[in-house]
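For this chain, numbers begin at 1 and follow the sequence in order.
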Amino acid sequence: MARQQRAMRTRSLLVQAASTEFDRSGYEGTTLTQINQLAGISMGALTFHFPTKRALAEAVQQQGREQVRDAIADVVAKHRPALATGVALTVTLARLLEENVEVRAAARLARECSRSTWASEWLPVLRDLFRRAQEECGLRPGSDPDALAALAAHLVAGAELQLRDELALRGGTESLAGDPAASPVVQLAQIWRVVLRGIIVKSLSEYEQDLV
């Protein structure tokens with residue numbers, strides 16, 4: 001049992017270190033040597049768990065996808081109108097990008113070395129939510145739910161781009177905690193306040209709890 005626990009801990013440390021390096025340097029810019037040095041684990045132990053860099057990248061993507069799926073499930077499980085749920089989901093995704101290096105790394109790796117995009121994990125959910133919002137009469141007449149989902153996808157992508165720019169200015173390692181002006185979560189919420197005024201039937205105040 002102790003050996004199994006050590007193996008699990010080693011694997012977790014390697015995935016965390018790989019996430020940091022892949023997020024910072026991308027797939028091509030990351031080496032196994034960088035990963036094993038950051039993790040403080042021998043190259044032999046690394047290749048025992050992950051024989052290739054591709055295998056390690058796949059483990060990082062799987063970890064990131066699982067965290068996104070868990071977050072989606074948590075947001076959708078709350079009982080609220082579909083439009084509010086969709087808005088809350090985009091804010092949650094931006095927060096994951098800001099706070100979770102494994103999710104950021106998974107998003108980058110999906111672009112660089114996967115046939116599926118990171119958005120494929122959550123964009124279908126957003127489309128369904130905004131279509132349901134139209135059925136619930138939560139959108140003003142003439143509002144296109146698919147166009148709204150496309151806008152939301154662009155907002156999340158923009159949040160990631162802004163986040164990477166801000167982290168690059170800080171050397172790629174510092175948190176944005178304590179700097180609301182730099183936070184993509186804060187700015188995404190501000191953008192939604194502008195957008196919602198043009199598409200909602202109810203008062204904007206009813207959506208404030210979904211923007212924090």
Side-chain angles (χ1 to χ4, degrees), residues 23 64-65 67-108 110-111 117-170 174-212:
D23 175 50
R65 284 194 295 265
Q67 294 188 45
V68 169
R69 290 167 187 165
D70 288 346
I72 292 172
D74 287 343
V75 172
V76 172
K78 296 178 180 178
H79 298 291
R80 53 188 163 193
L83 178 59
T85 303
V87 171
L89 179 54
T90 64
V91 174
T92 296
L93 291 168
R95 184 172 289 109
L96 277 175
L97 288 167
E98 182 173 321
E99 298 177 353
N100 192 309
V101 68
E102 292 171 351
V103 171
R104 285 202 306 275
R108 180 166 184 168
R111 288 194 301 273
T117 66
W118 183 62
S120 66
E121 294 293 329
W122 46 266
L123 184 53
V125 179
L126 279 178
R127 289 197 186 103
D128 179 63
L129 286 168
F130 292 144
R131 288 169 184 171
R132 282 170 46 200
Q134 187 178 49
E135 294 170 0
E136 294 173 357
C137 298
L139 300 177
R140 286 185 179 178
S143 299
D144 183 342
D146 289 343
L148 184 58
L151 172 63
H154 284 289
L155 290 177
V156 175
E160 183 190 355
L161 180 60
Q162 178 198 346
L163 176 62
R164 293 196 180 282
D165 286 345
E166 292 291 345
L167 290 175
L169 292 174
R170 292 162 169 76
E174 294 184 23
S175 168
L176 300 185
D179 188 0
S183 170
V185 175
V186 173
Q187 294 196 15
L188 178 60
Q190 292 171 340
I191 293 170
W192 268 123
R193 290 185 179 95
V194 174
V195 172
L196 287 170
R197 286 189 177 93
I199 63 171
I200 59 176
V201 176
K202 298 181 179 180
S203 168
L204 180 61
S205 62
E206 298 189 28
Y207 295 86
E208 281 297 327
Q209 64 179 353
D210 304 303
L211 296 172
V212 296

Find the distance between [atom1] ([X]) and [atom2] ([Y]) and round it off to the nearest 0.5 Å.
X      : Y      : atom1 : atom2 : result
Leu126 : Leu89  : CG    : CG    : 5.0 Å
Gln162 : Leu97  : CD    : CG    : 11.0 Å
Ile72  : Gln67  : CD1   : CD    : 12.5 Å
Leu163 : Glu99  : CG    : CD    : 10.5 Å
Leu93  : Asn100 : CG    : CG    : 11.5 Å

Test side-chain contact (heavy atoms from CB on, under 4.5 Å) applied to Phe130 and Ile199, step by step | CA-CA 11 Å; Phe130 292 144; Ile199 63 171; over 6 Å; no
Side-chain donor-acceptor contacts of residues 150-161 below 3.5 Å, not counting sequence neighbours, with atom names and distances?
residue	atom	partner	partner atom	Å
Glu160	OE1	Arg111	NH1	3.0
Glu160	OE2	Arg111	NH1	3.0
Glu160	OE2	Arg111	NH2	3.1
Glu160	OE2	Arg164	NE	3.0
Glu160	OE2	Arg164	NH2	3.1

Does anything in residues 122-137 pair up under side-chain hydrogen bond (donor to acceptor under 3.5 Å, both in side chains), and if so which pairs, sequence neighbours excluded?
->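 Pairs touching residues 122-137 that pass the test: Arg131-Asp146.
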Of all heavy-atom pairs between [X] and [Y], which one has the smallest distance, and what is that distance?
X      : Y      : result
Ala119 : Pro124 : O-CD, 3.9 Å
Ala133 : Ala82  : N-CB, 3.6 Å
Ala149 : Leu123 : O-CD1, 3.7 Å
Ala94  : Leu188 : CB-CD2, 3.7 Å
Glu98  : Val185 : OE1-CG2, 3.3 Å

Show the numbers, then the answer: is there a side-chain contact (heavy atoms from CB on, under 4.5 Å) between Val87 and Val195?
-> CA-CA 11 Å; Val87 171; Val195 172; over 6 Å; no
Can you check side-chain contact (heavy atoms from CB on, under 4.5 Å) on Leu167 and Arg104, steps first, answer last?
-> CA-CA 12 Å; Leu167 290 175; Arg104 285 202 306 275; 3.8 Å; yes
Given Leu139 and Leu148, is the side-chain contact (heavy atoms from CB on, under 4.5 Å) satisfied, shown in steps?
-> CA-CA 10 Å; Leu139 300 177; Leu148 184 58; 4.1 Å; yes
